[in-house]
Amino acid sequence: MEIRQLRYFIAVAEHLNFTEAAKKLFVAQPAVSQQIASLEKEIGFKLFNRDKHSVQLTHAGSVFLKDALEMLNKSEAAIKKARKAAIGEVGQISIGFLNAPVKKFLPNLVKEFRRKYPEIQINLNHYQTGQIVERLRNAEDDLAFTMSFIPQDNSEWEFKTLFSQPYVVFMNQEHPLASKESISIYDLKDEPFVMLERKESPQGYDHLFRLFANHGFLPNISIQNTRIETVLMIVEAGLGIAVLPKHLEVYANPSLKYIEIEEWNHTVDIVVAWKKTNPNPSIPLFLKELEVINWR
């Protein structure tokens, strides 16, 4: 039994006229007669009683009509859903992210995306930088919002830079240097540094060390921690200072101050990354939503 046969049968049943049904279907009348005859032969009973003057549904035809309508509606719904799935409008997308860089835009972005594509399930996952890289590599996440420390020379990734953030010095507001509007990098030479452990973001850790080395010294590390929120809490407690991207101000309390560094024009890019070989068709739809955001 073909979907086309069901359509022809339903059209004749609605009009009780083969000619009118053919007009509705935009086919020749003999084609309709042929398909109905083929269907009746396949199912083993007559659907219509017809003579030169009238066409009537048989009792079996009346019963079959109800199920035929249901079968046709279900088949059309299935085709429509599959078509939407093929272009990414049905399915799911898993997104990993660093919390601080996306805090201001991701909630509204997801809300708007769900409004446009309600049949796409979105899974949001908060990770550290190192975890994000591994989840992308293992195809556990489809997209990731992270910092540009992820190895961008790797041929398996695609990247889109969203915005850049300068490095600033975070310190307790009672620190002797906290009254300054900007600070020299050389004023930090003997300061105790609080840093994220290298294993949490090897590329970011090494990048920061290279920046300091370019100015002739390395950070005097006094405390390290596995979570950036804890790093800032330690700084807030007055146990050291931290040089971090400015977007981490979202974690800052009133007792914590951040100050620009005079000699530095170094920035870190906030990027969205995905694996080139990821076949999820919802990825381009989500990336398209990013294009309408004003990052300034």
Side-chain angles (χ1 to χ4, degrees), residues 85 87-165 167 195-208 224-232 244-251 267-293 295:
I87 60 175
E89 293 184 1
V90 173
Q92 65 177 2
I93 187 167
S94 182
I95 300 171
F97 62 92
L98 299 177
N99 191 48
V102 304
K103 200 174 182 67
K104 292 182 179 179
F105 72 85
L106 188 58
N108 286 334
L109 174 63
V110 170
K111 181 180 178 181
E112 181 63 18
F113 186 78
R114 282 299 306 275
R115 185 188 68 79
K116 289 186 178 180
Y117 306 107
E119 294 180 90
I120 299 177
Q121 177 184 335
I122 302 177
N123 301 316
L124 297 174
N125 308 297
H126 175 206
Y127 301 108
Q128 301 289 351
T129 305
Q131 292 174 298
I132 284 178
V133 172
E134 286 307 307
R135 286 183 64 86
L136 279 176
R137 181 172 285 118
N138 297 330
E140 295 175 88
D141 282 331
D142 299 301
L143 289 169
F145 291 95
T146 184
M147 291 186 287
S148 54
F149 303 135
I150 187 171
Q152 296 194 30
D153 58 346
N154 194 317
S155 60
E156 64 182 318
W157 311 117
E158 291 279 7
F159 295 88
K160 178 179 176 64
T161 299
L162 304 178
F163 58 93
S164 299
Q165 288 279 277
Y167 283 97
M195 294 187 67
L196 195 67
E197 289 186 7
R198 186 181 185 278
K199 66 179 181 179
E200 300 300 329
S201 178
Q203 294 86 8
Y205 189 98
D206 294 345
H207 177 68
L208 195 59
Q224 297 186 72
N225 197 272
T226 59
R227 298 196 65 84
I228 197 66
E229 299 95 324
T230 307
V231 167
L232 288 170
L244 297 165
K246 185 181 177 182
H247 63 254
L248 290 166
E249 65 184 294
V250 297
Y251 292 131
T267 60
V268 58
D269 293 333
I270 309 304
V271 303
V272 60
W274 64 98
K275 199 172 182 179
K276 289 181 179 179
T277 56
N278 191 320
N280 190 337
S282 298
I283 292 175
L285 298 181
F286 198 88
L287 293 174
K288 187 175 181 180
E289 287 303 302
L290 283 169
E291 295 175 3
V292 302
I293 296 178
W295 300 106

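Numbers here simply count residues along the sequence, with the first being 1.
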If you measure from [atom1] on [X] to [atom2] on [Y], what distance do you get to the nearest 0.5 Å?
X    : Y    : atom1 : atom2 : value
N278 : E158 : CG    : CD    : 11.5 Å
I228 : L196 : CD1   : CG    : 5.0 Å
Y167 : H207 : OH    : NE2   : 4.0 Å
D142 : I95  : CG    : CD1   : 8.0 Å
Y127 : T146 : OH    : OG1   : 13.0 Å
K160 : F145 : NZ    : CZ    : 10.5 Å

Angle class for the F97/H126 ring planes (parallel below 30°, perpendicular above 60°, tilted otherwise)? parallel

So L244 and L232, do their side chains get closer than 4.5 Å, heavy atoms only? yes

Any non-hydrogen side-chain atom of L98 less than 4.5 Å from a side-chain atom of I270? no

Nearest heavy-atom neighbours spanning [X] and [Y]:
X    : Y    : answer
P284 : P281 : CD-O, 3.3 Å
Y205 : E197 : CD1-C, 4.2 Å
I132 : G96  : CD1-C, 4.4 Å
Q165 : H247 : OE1-N, 2.9 Å
T226 : K199 : CG2-CE, 4.0 Å
I120 : S282 : CD1-OG, 3.7 Å

Taking side-chain hydrogen bond (donor to acceptor under 3.5 Å, both in side chains) as the cut-off, I'd like each qualifying pair that reaches into residues 93-110, sequence neighbours left out, listed once. S94-N125, S94-D141, N99-Y251

Which residues satisfy the ring pair (Phe, Tyr, Trp, His ring centres under 6.0 Å) test with F286, sequence neighbours excluded? F113

Please assess D206 against R198 for the test side chain to side chain contact (heavy atoms under 4.5 Å, CB included), listing each intermediate value before the final yes or no. CA-CA 8 Å; D206 294 345; R198 186 181 185 278; 2.6 Å; yes

Going by the rule side chain to side chain donor-acceptor pair (under 3.5 Å), which residues pair with S164 if we only count those two or more places apart in sequence or in a different chain? D269

My understanding is that only residues two or more places apart in sequence, or in another chain, count here; which of them pass salt bridge (Lys or Arg N to Asp or Glu O under 4.0 Å) with R114? none

By salt bridge (Lys or Arg N to Asp or Glu O under 4.0 Å), which residues pair with K288, not counting sequence neighbours? none

Report the residues that fulfil side-chain contact (heavy atoms from CB on, under 4.5 Å) with Q92, sequence neighbours left out, ordered by chain and then residue number. Q121, N123

